[in-house]
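For reference, the structure is listed below as structure tokens.
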Amino acid sequence: MERYDHKAAEPKWRAAWTKAGLFAAQAQADRPKYYVLEMFPYPSGRIHIGHVRNYVMGDVVARYKMARGFNVLHPMGWDAFGLPAENAAIERGIHPREWTYDNIAVMKEQLAPMGLSLDWSREFATCDPDYVGQQQAMFLDFMDKGLAYRRSAVVNWDPVDMTVLANEQVIDGKGWRSGAPVERRELEQWFFRITAYAEDLLDSIDGLDAWPDKVRLMQRNWIGKSRGIEIPFPLTAPAAGLDALICYSTRPDTLNGASFLAIAPDHPLSRTLEADDPALAAFNAECRRMDTTEEAFETAEKKGFDTGLTVRHPIHPERKLPVWVGNFVLMDYGSGAVFGCPAHDQRDLDFARKYGLPADNAFFLPGDATPVADEALVPPKTDPVVYIDHFAGLAEATSQEGIDATIDWMEARGLGEGQTKYRLRDWGVSRQRFWGCPIPVVHCETCGTVPEKKENLPIVLPEDIDTSQPGNPLDRHPTWRNCACPVCGGPALRETDTMDTFVDSSWYFARFTAPKAETPTDAAAAGYWMNVDQYIGGVEHAILHLLYSRFFARAMAECGHLTAANHEPFQALFTQGMVCHETYRHPDGRWLAPEDVSRTADGATARADGAAVEVGPSIKMSKSKKNVVAPEDIVERYGADTARWFIMSDSPPERDVEWTAAGAEAAYRFLQRVWRLFSEGLALPAFATPAPAAMGEPAEALRRAAHRAIRDVTADIESFAFNKAIARLYELAGAVAKLDAEAPDAAFARREALEIMARLASPFAPHFAEELWSALGGEGLLTGAAWPVADETLLAEAMIVLPVQVNGKRRAEIRVAPDADAASVEALALADEGVRKHLGDGAPRKVIVVPGRIVNVVV
RNA sequence: GCCCGGAUGGCGGAAUUGGUAGACGCAGCGGAUUCAAAAUCCGCCGAGUUAACGCUCUUGCGGGUUCGAGUCCCGCUCCGGGUACCA
């Protein structure tokens, strides 16, 4: 009895698949296609369990769809530009390209033994000159359509390293290398006009019915459509050339409670005043010493500076409101000025209490006219409130009605202008970094900022760079920057900003349909393969990557690279949970990998020097925190199928998992167990032997279990419940083992069950399934063979067990036919001894019979 | 801060979406096999109580709706993701 030998079987079957060309997709107009895609990896160095989980999920879907007769496209590539390559280059003195391509080679090699049904012929990296050139061509198209433009925007500036920092590089407001407090600095930067599609991106979410609701909700909230009004507040004395300050508000119904105005530190008025006011200048400087994240902005302590100026309340001109500069007002949002209504906004109330400003109610709750004290009154917008003053007529209106009525009222009197605004901002794509796709424009002294000629693309990054200093090496490169103006031919300077790496990942799915095309896409290939039928990736991409891709599809369609049918490029989306692990930090501040730490119940020490290691929370596996675990150990000891089986069985795909390898052994044991069921104890009949006409009941029971497995595993795969599908297969194996080998027709039933097992297990453990299939005498390759169909006649149950409750507590079980009528079920339930014991003397008040489910007797 | 999730035995999880809570797996315990071990096979396995049949409690916490709540509603706690320059 030899064991199943994965070391012999796995390479053999992978070679067979390759030889048969099963995964090299070709468009075939007469066949239905299925495009399954997992979010492609950043080549950080090594594949970790999180990657494996992602790609195996896609592989299960791809192999299942193949078995269902689809022409499947399942490509893979590399999201190859990014910050870690630059850091590695600085640390090791090598070119980011070298580091990146080395990593790709390593990771590809790690992926190879997993047996993924990938079409490697379509592979590319986003840093390949070809991809860079096509992306640059699209940038020029976007410029042409007004979808790419330049304006100034703020960045995190490290005043010591004299460089721009990513948000990740700012720790507690300080540069990660220099430790210097970061400053906000304005630079001219490139933007994509995603806001032009705000309404469409929002509306179209309704149609994404194969996306998770949570992602749709997050995207809706991110776009953040709101109806509000711009209200001018006249200055009592004009200042800085302004007669009035314009405030945008989504809660104009609180206008009667306005007690102050707050403007952004960078508001033109504030900027003018600070020139003559050192105290204000100091206040503003402090406000600008903050990193650019929304989180830092929102959680910072709210502070203000009284300018001494006043405005008149628009509907109560006798009221003068003070104008403050507030660190909680952002110039980018609305108009850079807001009115504060402390009674109905907690932030404003805190601010008012801190600086001694009044808090007057604009409305009360019905029957309760208590003025606000420590807590702002902000009832749900759908609850009725009682307005006072000029909105007193809206006695029991909801806040939403109050807002709408106020906008109309103000507009009718010329006191403001209703506006629909979006939270969504244009997409800043400029990065002051080397390792990215160069933005293909040229700055000429005579012609200004002009696009590069398409025939000069790709603009590739130089090989000879100096990474010894912080900042973008392109800025100080001796020759790369200098070029000829594409318009006048005179001397000019190349743009040194590169593109956000989210640009690279916003259209790779389209490029996979024709990776060698001489234009960004090929109409015929995109026409056949697009859209992605099933997209799979981490939930951490729920907003940015997915929203940018939706925008890109629209922009590409506008430029003729896709069509309107591709506006939503991802037909169905599945967001898998993240694979998490504890983090370990050495006392010297370095993050340590799990394999470099020895962990005990109450602490951890570094293997290298025995230092006590700080154990951090379990968070998503990432290169930067080093909390990654590689699949090699499991693959080496037990084979790829075991690794695949275990990682799919261990937890529901949408859930985060804490990685432990304790259960991998069970997956291996299972495969061996199934192999033994084939190889031991029973001579199995030939593959195509028909079912005996009348089978013995124990064998028939196994047949029913096998066909139920077909039904259940199929449904579980369709609904991404891979862990449940695998549980069904464990049950099927148990049923096979339970059937006595001496029972009549046992050999036939076992052979059929094992054939079904091989077919159902093949998406999860494809090498093993091939080996079993071939051992059973199956013809050709199992991969791509038709998916089994359950025999309906074997699915029906003769009798079912119904629980009987008395007053909601389970007291007995009765056996009934599945289609028994309610009256007979009720009679049977009431006759049951266990039930009668709990009924007492009286007759039941009520009997609830849910057919096929439950009986509840109420006394 | 704001937006979005999650919490079920010692552990990972299941529960047909309001109908038997704990499928399946891990760990553990007991037995068979073995000179012994590994491997394998069989059985037990939420807590309390009981000689036993049973009974009581139990799905992060506190309320509520319902014949019936892990599932729905209201209010919390803790953990995770995102927060526009990590990808």
Side-chain angles (χ1 to χ4, degrees), chain A residues 3 39 41-42 44 79 81-84 155-156 164-170 194 212-215 217-218 220-222 224 291-300 328 346-347 423-433 500-502 505 538-545 547-548 575 577-578 580 617-620 622-624 646 649-652 654-658 660 662-667 669-670 672-673 676 715 721 723-724 726-731 734 737 801-810 812-813 834 837 845-848 850 852-859:
Chain A
R3 290 155 73 85
M39 293 180 186
Y42 176 76
S44 57
D79 188 13
F81 279 128
L83 203 47
V155 293
N156 300 312
V164 176
L165 297 177
N167 287 335
E168 192 190 49
Q169 298 173 311
V170 179
I194 189 172
D213 286 341
K214 63 177 172 184
V215 175
L217 188 55
M218 279 189 265
R220 276 190 197 102
N221 291 340
W222 185 262
D291 68 73
T292 57
T293 64
E294 188 194 347
E295 185 191 4
F297 178 78
E298 290 287 341
T299 55
F328 54 89
Q346 193 59 43
R347 183 196 64 197
R423 208 185 76 95
L424 182 69
R425 310 198 298 259
D426 273 339
W427 175 10
V429 296
S430 278
R431 295 294 179 269
Q432 294 70 41
R433 278 192 248 297
D500 179 7
T501 58
F502 273 121
S505 55
V539 67
E540 68 271 26
H541 293 294
I543 296 174
L544 292 179
H545 162 61
L547 191 62
Y548 289 151
T575 52
M578 288 156 299
C580 300
S618 182
I619 55 173
K620 137 178 116 149
S622 79
K623 174 85 174 173
S624 63
F646 173 52
S649 69
D650 197 43
S651 59
E654 68 279 7
R655 194 113 120 202
D656 291 352
V657 290
E658 166 76 1
T660 62
E665 181 93 24
R669 278 205 304 263
F670 174 78
Q672 294 297 349
R673 186 180 190 212
R676 276 196 308 278
N723 56 324
K724 283 158 63 182
I726 284 178
R728 309 272 170 250
L729 294 175
Y730 276 109
E731 282 176 349
V801 174
L802 278 194
V804 183
Q805 297 181 329
V806 178
N807 287 337
K809 286 196 192 299
R810 194 184 74 88
E813 282 176 354
K837 208 165 74 181
R845 280 200 291 145
K846 194 164 150 192
V847 180
I848 294 151
V850 184
R853 276 270 184 282
I854 204 166
V855 181
N856 191 11
V857 182
V858 186
V859 289

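Side-chain atoms are counted along with the backbone in the values below, which use heavy atoms only and exclude waters and symmetry mates. Remember, predicted model here, so these are calculated numbers, not experimental data.
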What's the NZ-C1' distance between Lys809(A) and U56(B), to the nearest Å?
8 Å
Looking at the side chain of Arg669(A), which of U8(B), C24(B), U40(B) is the nearest nucleotide?
U40(B)
Hey, is the side chain of Asn856(A) pairing donor to acceptor with the base of C67(B) inside 3.5 Å?
yes
Could you state the atom-to-atom distance from CG of Leu217(A) to P of G82(B) in whole Å?
17 Å
Among C86(B), U83(B), G80(B), find the nucleotide with the atom closest to the side chain of Ala166(A).
C86(B)
Out of C4(B), A23(B), A87(B), whichever nucleotide has its closest atom nearest the side chain of Lys620(A)
A87(B)
Between Ile848(A) and Ser622(A), which has a closest nucleotide on RNA chain B that is more 5'?
Ile848(A)
For the side chain of Gln805(A), counting heavy atoms from C-beta on, which of G19(B), A84(B), G5(B) is nearest?
G19(B)
Are OP1 or OP2 of G80(B) and a side-chain N or O of Arg655(A) less than 4.0 angstrom apart?
no
Checking only heavy atoms, does the side chain of Glu295(A) share a donor-acceptor pair with the base of G82(B) at less than 3.5 Å?
no
Nearest-angstrom distance from the residue atom CD1 of Ile854(A) to P of A15(B)
17 Å
If you check the Ile619(A) side chain, which of G19(B), G25(B), G80(B) turns out closest?
G80(B)
Protein-nucleotide distance (Met578(A), atom CE; G5(B), atom C1'), rounded to Å
9 Å
In whole Å, I'd like the distance from the CD atom of Glu540(A) to the C1' atom of C3(B).
16 Å
